[in-house]
Participant: 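My questions all concern the structure below.
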Amino acid sequence: MLLVCEIVSPSNASTDKILKMHYYAEAGIPWYLIIEQETGALHLYELNERHYVERSVTKVGEALHLLDPLDVTIDPEELLPPQ
């Protein structure tokens, strides 16, 4: 597996941001993408030895362009429920 993506629930944020991040790092998953459900922000982390380092934060109105581990562009607005 190259990348794990989590949509963070406000009621479960600490599990996704701390516990799961630790487990994924231990499993050696190179990339971890967190989507903040409340704000729509995307947080991209890269594994550096045994822990993740935040590589980018993408906010609504911006786009995340990835080339590695896959070639994709993600628009946070497209991930939010309709207003």
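We number each residue from 1, following the sequence as shown.
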Participant: If you count the non-hydrogen atoms of other residues, nucleotides and ligands that lie under 6.0 Å from CD in Glu26, is the total more than 12?
Facilitator: yes
Participant: To the nearest 0.5 Å, what is the distance between CD1 on Ile29 and CG on Leu3?
Facilitator: 9.0 Å
Participant: For the NE2 atom of His22 and the CZ atom of Arg50, what is their distance to the nearest 0.5 Å?
Facilitator: 8.0 Å
Participant: Quick check: closest heavy atoms across Pro30 and Leu2, and the distance to 0.1 Å?
Facilitator: CD-O, 3.4 Å
Participant: Using 0.5 Å steps for rounding, measure from the CD atom of Glu77 to the CD atom of Glu62.
Facilitator: 10.5 Å
Participant: Taking atom CG of Leu64 and atom CG of Leu44, what is their separation to the nearest 0.5 Å?
Facilitator: 6.0 Å
Participant: Quick check: do Val53 and Glu46 have side-chain heavy atoms less than 4.5 Å from each other?
Facilitator: no
Participant: Restricting to non-hydrogen atoms, name the atom on Ala63 and the atom on Pro76 that form the minimum distance, rounded to 0.1 Å.
Facilitator: CA-CD, 4.4 Å
Participant: Applying the side-chain contact (heavy atoms from CB on, under 4.5 Å) criterion to Leu42, which one of Leu33, Val60, Ile34 satisfies it?
Facilitator: Leu33
Participant: If you measure from the Lys or Arg side-chain nitrogens to the Asp or Glu carboxylate oxygens, is any gap between Glu36 and Lys59 under 4.0 Å?
Facilitator: no
Participant: Rounded at 0.5 Å granularity, tell me how far CD1 in Ile35 sits from OG1 in Thr58.
Facilitator: 10.5 Å
Participant: Roughly how far apart are Tyr24 OH and Tyr52 OH, rounded to 0.5 Å?
Facilitator: 8.5 Å
Participant: Among Met21, Arg55, His43, which residue satisfies the side-chain contact (heavy atoms from CB on, under 4.5 Å) criterion with Tyr32?
Facilitator: Met21
Participant: What do you reckon, is CD1 of Ile7 surrounded by more than 12 foreign heavy atoms closer than 6.0 Å?
Facilitator: no
